[in-house]
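The block underneath contains the structure these notes are about, expressed in structure tokens.
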Amino acid sequence: MCKRGYFDEIAPRWDDMRRTYFSERVRDRALSEARVLPKKLAVDVGVGTGFITEGLIGHGVEVLAIDESLPMLRVLRRKAFGAAGLHCCIGSAERLPVRNGAVDYVFANMCLHHVVHPAAAIAEMTRILKKGGTLIITDLDEHTFAFLTEERTDRWMGFRRRDVRTWFAEVGLKDIMVGDTGERASVPSDSTDNCADIGIFIARGKK
Amino acid sequence: MKSELLNILCCPVCKGPLVLEVESEEAGEIIKGTFYCAVCNVYYPIDEGIPNLLPPELR
């Protein structure tokens, strides 16, 4: 199954799946690292059904939620979190349809390991930030669980934190921090008894 | 989709401005319409109130 087909198919079940994969504490860490303020504007890239967006809306932040999967966005909008400040758009992390310097925060949770060119995606996310804006990426550490690329259509088997730091520096981000969330992702195989157990890193940079 | 979104959206390919054409609207929300990029000569559909701004080759 192609990547978008996979996400379209799992969209109605994604919230239940995600709960077993990783904890809400990943979101708490991402929001606290960004020090989000009400009435600011965020883009949530690869939003899925709104794991990060739900927290942003709860903090009074206006969100443009971007994903390649329309069924994911439908689920997100149905939940909506009672928000007038939620906007949805089908788009690609590597070709964001957002103007230069338009937003205060960009978040990408568990998105980077699905893109073709991670460094290009980070450059795009940085391009749309206002000067002083904050980019927060939470994703998987480098791992050896190859079944994730076959069963879950992952493109990258996680990342080395030093590579993420280099990509942030290459696009001119400052105040860079790449560290541990203290959380792990636990993802079972559909076809074997194997279960991936992978650290989750957080990366922050300011434009 | 609210029309104010036009202030931050752009063409995903050339990053230029988009022209909004509204076909149907409900309670201040655009339900159906198109975005048009004159530079790329590409139309991007808005259906169910959600714009599809994937580059043409990724749709």
Side-chain angles (χ1 to χ4, degrees), chain A residues 2-5 7-8 11 40-43 45-47 62-78 80 83-106 114-117 120-121 123-125 127-130 133, chain B:
Chain A
C2 75
K3 182 173 284 293
R4 198 182 310 154
F7 285 110
D8 289 355
K40 298 287 187 182
L41 176 61
V43 167
V45 182
V47 64
E62 190 171 350
V63 182
L64 172 59
I66 300 180
D67 204 282
E68 291 196 25
S69 166
L70 176 60
M72 285 283 188
L73 293 174
R74 283 184 183 132
V75 173
L76 167 63
R77 211 172 43 172
R78 202 159 52 237
L86 173 65
H87 314 280
C88 294
C89 173
I90 303 170
S92 160
E94 292 170 80
R95 310 282 284 279
L96 290 171
V98 180
R99 295 186 186 197
N100 295 350
V103 305
D104 301 290
Y105 313 103
V106 176
H114 290 293
V115 307
V116 179
H117 304 293
E124 268 293 84
M125 294 175 201
R127 178 186 64 77
I128 68 172
L129 277 175
K130 293 176 184 171
Chain B
M1 193 207 97
K2 291 189 174 63
S3 58
E4 301 93 85
L5 210 52
L6 191 59
N7 297 330
I8 61 164
L9 293 178
C10 68
C11 171
V13 179
C14 74
K15 313 302 183 190
L18 296 165
V19 178
L20 172 63
E21 200 161 293
V22 179
E23 285 177 45
S24 68
E25 214 169 338
E26 275 174 34
E29 294 268 340
I30 297 157
I31 306 299
K32 192 167 175 56
T34 51
F35 279 121
Y36 175 64
C37 175
V39 174
C40 300
N41 190 27
V42 171
Y43 288 89
Y44 297 96
I46 304 166
D47 284 306
E48 306 176 37
I50 300 177
N52 184 343
L53 287 164
L54 282 173
E57 72 273 18
L58 296 182
R59 281 185 215 162

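Quick note on labels: first sequence line is chain A, next is B, and so on, each numbered from 1. Just so it is clear, the values below take in all heavy atoms, side chains as well, and ignore hydrogens, waters and symmetry mates.
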Atom pair [atom1]/[atom2] of [X] and [Y] - distance to nearest 0.5 Å:
| X | Y | atom1 | atom2 | result |
| --- | --- | --- | --- | --- |
| B:N7 | A:R99 | CG | CZ | 6.5 Å |
| A:I90 | B:L53 | CD1 | CG | 8.5 Å |
| B:M1 | A:C89 | CE | SG | 9.0 Å |
| A:R74 | B:E48 | CZ | CD | 4.0 Å |

So what's closer than 4.5 Å to chain B heavy atoms on [X]: side chain, backbone, both or neither?
| X | result |
| --- | --- |
| A:E94 | neither |
| A:L64 | side chain |
| A:L70 | side chain |

Subject >> Test item: B:K15 side-chain N/O and A:L96 main-chain N/O as donor-acceptor pair under 3.5 Å >> reply: yes
Subject >> Distance-minimising heavy-atom pair for B:K2 and A:A84 >> reply: NZ-O, 3.6 Å
Original post:
Can you name the closest pair of heavy atoms from A:C88 and B:P51 and give their distance?
Top reply: O-CD, 3.3 Å
Original post:
Should A:E68 and B:R59 count as an ion pair when the cut-off is N to O under 4.0 Å?
Top reply: no
Subject >> Toward chain A: residues of residues 28-38 of chain B with heavy atoms under 4.5 Å >> reply: none
Subject >> Pairs of heavy atoms under 4.5 Å with chain A: top-ranked of B:L18, B:L5, B:D47, B:I46 >> reply: B:L5
Subject >> Greater than 12 external heavy atoms within 6.0 Å of B:E26's CD >> reply: no
